Asks: 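I am attaching a structure below and will ask some questions about it afterwards.
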2 protein chains.
Amino acid sequence: MPVSEILPLPDLTARCSPAVREPIALEPIAPAPVAPEQIDPEQVESLAGLLKALAHPARLRLLSMVAAHDGGEACVCDLIEPLGLSQPTVSHHLKILAGAGYLTRSQRGTWAYYRLVPGSLDAVAALLSEL
Amino acid sequence: MPVSEILPLPDLTARCSPAVREPIALEPIAPAPVAPEQIDPEQVESLAGLLKALAHPARLRLLSMVAAHDGGEACVCDLIEPLGLSQPTVSHHLKILAGAGYLTRSQRGTWAYYRLVPGSLDAVAALLSEL
DNA sequence: CAGATACATCGATGAATGTCAATGGATGTG
DNA sequence: CACATCCATTGACATTCATCGATGTATCTG
């Protein structure tokens with residue numbers, strides 16, 4: 001039987017394990033947290049999703065264009081030409097932005113008007129800063 | 001020769017073109033800006049790249065773990081196990097974060113220590129808010 | 001020098017994403 | 001009703017991305 005099974009002392013060869021690199025505790029210590037992060041896994045997934053919805057040039061431009069448009073709203077056909085993408089692609093990006101909560105969609109007649117959700121960008125910015 | 005070529009008046013059928021939906025100007029008006037956005041295209045690409053680097057759960061967790069680690073820095077081997085990904089994958093994500101300017105890398109001996117760049121998250125958060 | 005450890009890079013593979021043409025549904029017009 | 005416009009959805013395709021095993025390099029130890 002190897003000695004290590006009786007006296008599981010950290011060996012002195014330098015390895016990565018934090019327990020090895022830390023000075024040896026003489027008294028019993030509280031069990032170190034297994035995960036050295038304090039971020040809620042669900043919150044991380046959520047924030048990553050919010051950022052992924054923003055992480056595209058066309059979508060950032062869409063947000064800016066909608067916000068700067070007359071009355072704070074714009075319909076799809078207003079955005080196609082300045083964006084330089086096809087109508088299905090523009091609708092696709094708008095759907096992603098609306099799904100993430102950055103835009104609201106209201107249909108009036110044949111047109112679909114998109115409007116920036118107030119404070120939505122500041123909210124995700126705040127989440128980033130407190131990370 | 002169609003009349004429209006002599007008198008190019010906007011027709012009355014409702015179409016998307018803003019010029020059609022706007023009230024008809026009686027006086028000559030300054031040419032409307034073609035692009036109803038005022039965002040610098042380069043800045044949009046840049047911000048999208050910064051956000052793309054953040055838009056992944058593993059990378060957000062890495063930022064959090066590095067920031068919360070002892071001394072504000074952590075080496076790769078400290079992050080592999082709590083993250084639950086392989087060492088090449090962890091190195092891959094760290095490289096992306098460092099390339100975007102969120103982390104710095106300093107090699108000391110065999111270890112590579114990563115450290116959060118102070119203010120980098122607040123900077124991108126500020127860019128988001130002023131979008 | 002031989003072996004072990006930490007880390008990056010390479011290559012391959014499966015998944016996700018962006019884009020457009022084509023289609024379809026809904027609304028308004030003549 | 002027939003037709004045009006706006007918009008979303010579908011399907012197909014190419015590109016990008018995430019992941020891991022294998023390999024290579026550098027450093028440290030004995």
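The shown structure was predicted, so the numbers you read here are calculated from the model rather than taken from an experiment. Letters A, B, ... mirror the listed sequences (proteins, then strands); counts begin at 1. Every heavy atom of this structure was used, including side-chain atoms; hydrogens, water molecules and symmetry mates were not.
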Asks: Rounded to whole angstrom units, what separation is found between the NZ atom of A/K95 and the C1' atom of D/dC7?
Replies: 12 Å

Asks: Rounding to a whole Å, what distance do you find between B/L62:CG and D/dA18:P?
Replies: 12 Å

Asks: On DNA chain C, check which nucleotide each of A/G109 and B/V76 is closest to and give me the residue with the more 5' one.
Replies: B/V76

Asks: Within the structure shown, what part of the strands sits under 4.0 Å from A/R105 by heavy-atom distance: base, sugar-phosphate, or nothing?
Replies: sugar-phosphate

Asks: Please evaluate residues A/E42 and A/S46 with respect to the criterion side-chain hydrogen bond (donor to acceptor under 3.5 Å, both in side chains), reporting the C-alpha separation (whole Å), side-chain torsions for both, the decisive distance (0.1 Å), and the verdict.
Replies: CA-CA 6 Å; A/E42 280 187 32; A/S46 166; over 6 Å; no

Asks: What is the distance from CZ of B/R108 to P of C/dC7, rounded to the nearest Å?
Replies: 11 Å

Asks: Please walk me through it: do B/I80 and B/L85 pass side chain to side chain contact (heavy atoms under 4.5 Å, CB included)?
Replies: CA-CA 6 Å; B/I80 295 173; B/L85 293 174; over 6 Å; no

Asks: Just the rounded figure in Å: distance from P of D/dT27 to CH2 of B/W111.
Replies: 13 Å

Asks: Side chain to side chain contact (heavy atoms under 4.5 Å, CB included) for A/Y102 and A/I96? Distances and angles first, verdict last.
Replies: CA-CA 9 Å; A/Y102 298 110; A/I96 290 178; over 6 Å; no

Asks: Examine A/R105 relative to A/Y113 and say whether NZ or CZ is less than 6.0 Å from the centre of the six-membered ring and inside a 45° cone about the ring axis.
Replies: no

Asks: Using distance only, find each side-chain donor-acceptor pair of residues 123-131 of chain B under 3.5 Å and give its atom names and separation, not counting sequence neighbours.
Replies:
unit_1, atom_1, unit_2, atom_2, d
B/S129, OG, A/D122, OD1, 3.2
B/S129, OG, B/A125, O, 3.3

Asks: Rounded to whole angstroms, how far apart are CD on B/Q107 and P on D/dT25?
Replies: 15 Å

Asks: May I have the distance from A/L94 (atom CG) to D/dA8 (atom C1'), rounded to whole angstrom?
Replies: 11 Å

Asks: Any chance you could measure A/S64, atom OG, to A/R59, atom CZ, to the nearest 0.5 Å?
Replies: 15.5 Å

Asks: Calculate the interatomic distance between B/E73 atom CD and C/dC7 atom C1'; express it in whole Å.
Replies: 16 Å

Asks: Can you check whether B/Y114 has a side-chain N or O nearer than 4.0 Å to OP1 or OP2 of C/dA8?
Replies: yes

Asks: Sugar-phosphate means primed atoms, P, OP1 and OP2; the rest is base. With that split, encode nucleotides 15-21 of chain C 5' to 3' as B, S or - using protein heavy atoms under 4.0 Å.
Replies: --SSBBB

